[in-house]
> 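One structure, as structure tokens, below. Some questions next.
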Amino acid sequence: MDGAAIAKGAEGSVYLSTYLGRDAVTKVRTPKGYRVPELDRRIRTQRIRSEARLIREARAAGIRTPIIYDVDTVECSITMERVKGVTVKRYLDEHPEEAERICRLIGTNIARLHNSKICHGDLTTSNMILTPAGELCIIDFSMGASLISVEDMGVDLRLLERGFTSAHPDIKDAYGYITEAYCQEKTGAQEVLDKVQEIKDRGRYT
Ligand SMILES: Nc1ncnc2c1ncn2[C@@H]1O[C@H](COP(=O)(O)OP(=O)(O)OP(=O)(O)O)[C@@H](O)[C@H]1O
Ligand SMILES: [Mg+2]
């Protein structure tokens with residue numbers, strides 16, 4: 001990969017790249033030295049395929065996600081559209097007065113995702129990009145799943161709430177706005193919110 005790294009995590013890296021002359025990003029799953037090489041390759045291949053599939057499925061369901069340009073199962077990488085805009089994390093840091101509107105946008109889009117039986121698995125404001133056109137683009141489906149249960153949706157919302165509180169401690173009522181918008185869009189939303197409460201009571205994630 002020759003482009004500049006824009007993110008380096010434990011599981012892999014994201015680089016600026018191009019695809020047929022278009023601005024792209026390439027997300028690579030790097031090998032884990034402690035795994036048997038053959039098994040390591042299989043795990044990475046499976047994860048990269050799963051992530052690409054979820055991004056496509058969400059997109060097909062009308063949710064804004066990056067266009068997938070290429071999946072390389074040898075290098076274990078996904079090359080996708082480079083979405084213009086800034087992460088919601090950064091946008092909210094710079095425009096706290098927009099919090100209510102952005103939170104409602106987040107709630108509506110997560111509801112659509114859940115209506116399509118997809119959970120994201122890592123809902124944070126760093127995994128959402130606000131485009132210049134004002135769309136909310138959801139990225140990083142590496143922890144996601146499809147054909148999900150109410151429990152999965154509850155965990156998605158619970159993790160989002162917790163992440164919000166730690167990433168944006170000054171934004172008040174964020175979760176309230178998110179869930180209000182979620183309820184307007186999501187079929188059977190109450191069941192999911194009850195599940196969030198149950199998860200909290202269980203204390204597993206607190
Ligand atoms: N398609 C894209 N267009 C523009 N920027 C992107 C795109 N994909 C990722 N990025 C940028 O790179 C960062 C990291 O990407 P991503 O969240 O997919 O990886 P990660 O969090 O390192 O991965 P993982 O959680 O799978 O280990 C994002 O927060 C975003 O700023
Ligand atoms: Mg991420």
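For the numbers below, each heavy atom of this structure counts, side chains included, while hydrogens, waters and symmetry mates do not. Counting starts at 1 for both ligands and their atoms, following the listed order.
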> Heavy-atom contact under 4.0 Å between Arg29 and ligand 1?
yes
> Taking Arg64 first and then Glu81, would you say they form a salt bridge - that is, a charged N and a carboxylate O separated by under 4.0 Å?
yes
> Tell me which protein heavy atom sits closest to atom 11 (C) of ligand 1, plus the residue, atom name and distance to 0.1 Å.
Ile6 CD1, 3.9 Å
> Is it the case that the side chain of Asn127 and the backbone of Asp122 share a donor-acceptor pair, with hydrogens and angles ignored and the cut-off at 3.5 Å?
yes
> Using a strict 4.0 Å threshold on nitrogen-to-oxygen distance, state whether Glu51 and Lys27 make a salt bridge.
yes
> Would Ser149 and Glu151 count as having a side-chain donor-acceptor pair, cut-off 3.5 Å?
no
> Can you list the ligand 1 atoms lying under 4.0 Å from a non-hydrogen atom of Asn127?
17 (O)
> Side chain or backbone, does Glu11 bring an N or O within less than 3.5 Å of an N or O on ligand 1?
no
> Need the ligand 1 atom indices (1-based, order shown) with element for anything under 4.0 Å from a heavy-atom of Pro66.
1 (N)
> Which ligand 1 atoms, with their elements, are less than 4.0 angstrom from a heavy-atom of Ser142?
24 (P), 25 (O), 26 (O)
> When you compare ligand 1 with Ile129, is there at least one nitrogen or oxygen pair between them that comes in under 3.5 angstrom?
no
> Have a look at Cys119 and tell me which of Leu54, Val155, Ile148, Leu113 forms a side chain to side chain contact (heavy atoms under 4.5 Å, CB included) with it.
Ile148
> What is the closest protein heavy atom to atom 3 (N) of ligand 1, and at what distance does it sit?
Val83 N, 2.9 Å
> Looking at atom 25 (O) of ligand 1, what's its closest protein heavy atom, distance included?
Asp140 OD2, 3.0 Å
> Can a donor-acceptor pair be found, under 3.5 Å and without considering hydrogens, that links the side chain of His95 to the backbone of Glu97?
no
> So if I count the atoms of ligand 1 from 1 in the order they appear, which ones are less than 4.0 Å from some heavy atom of Met80?
1 (N)
> May I ask you to check if ligand 1 and Lys27 share an N or O to N or O distance below 3.5 Å?
yes
> Atom CD1 of Ile129 and atom NZ of Lys89: how far apart are they, to the nearest 0.5 Å?
15.0 Å
> Closest non-hydrogen protein atom to atom 28 (C) of ligand 1, residue and atom name please, with distance?
Ile139 CD1, 3.5 Å
> Return the closest protein heavy atom for atom 1 (N) of ligand 1 as residue, atom name and distance.
Glu81 O, 2.9 Å
> Is there a donor in the side chain of Thr87 and an acceptor in the side chain of Ser126, or the other way round, less than 3.5 Å apart?
no
> Taking Arg158 first and then Glu161, would you say they form a salt bridge - that is, a charged N and a carboxylate O separated by under 4.0 Å?
yes
> Do Lys195 and Glu191 meet the salt-bridge criterion of a basic N to acidic O distance under 4.0 Å?
no
> Please report which non-hydrogen protein atom sits nearest to atom 7 (C) of ligand 1, along with the residue it belongs to and the distance in Å to one decimal place.
Val25 CG2, 3.7 Å
> In the protein, what heavy atom is nearest to atom 15 (O) of ligand 1, and what distance, to one decimal place, separates them?
Val14 CG2, 3.5 Å
> Near Arg82, which atoms of ligand 1 are under 4.0 Å from a heavy atom of that residue?
3 (N)
> If you measure from the Lys or Arg side-chain nitrogens to the Asp or Glu carboxylate oxygens, is any gap between Glu100 and Arg104 under 4.0 Å?
yes
> When you draw lines from the Mg ion (ligand 2) to OD1 of Asn127 and to OD2 of Asp140, what angle lies between them, to the nearest 10°?
90°
> Considering only heavy atoms of Ala7, which atoms of ligand 1 have at least one such atom less than 4.0 Å away?
13 (C), 14 (C)
> Going by distance only, is there an N or O of Thr87 that falls short of 3.5 Å from an N or O of ligand 1?
no
> Checking a contact table here: which protein heavy atom is nearest atom 29 (O) of ligand 1, and how many Å away?
Ser126 O, 3.0 Å
> Below 30° counts as parallel, above 60° as perpendicular, anything between as tilted: where do the rings of Tyr182 and His114 land?
perpendicular
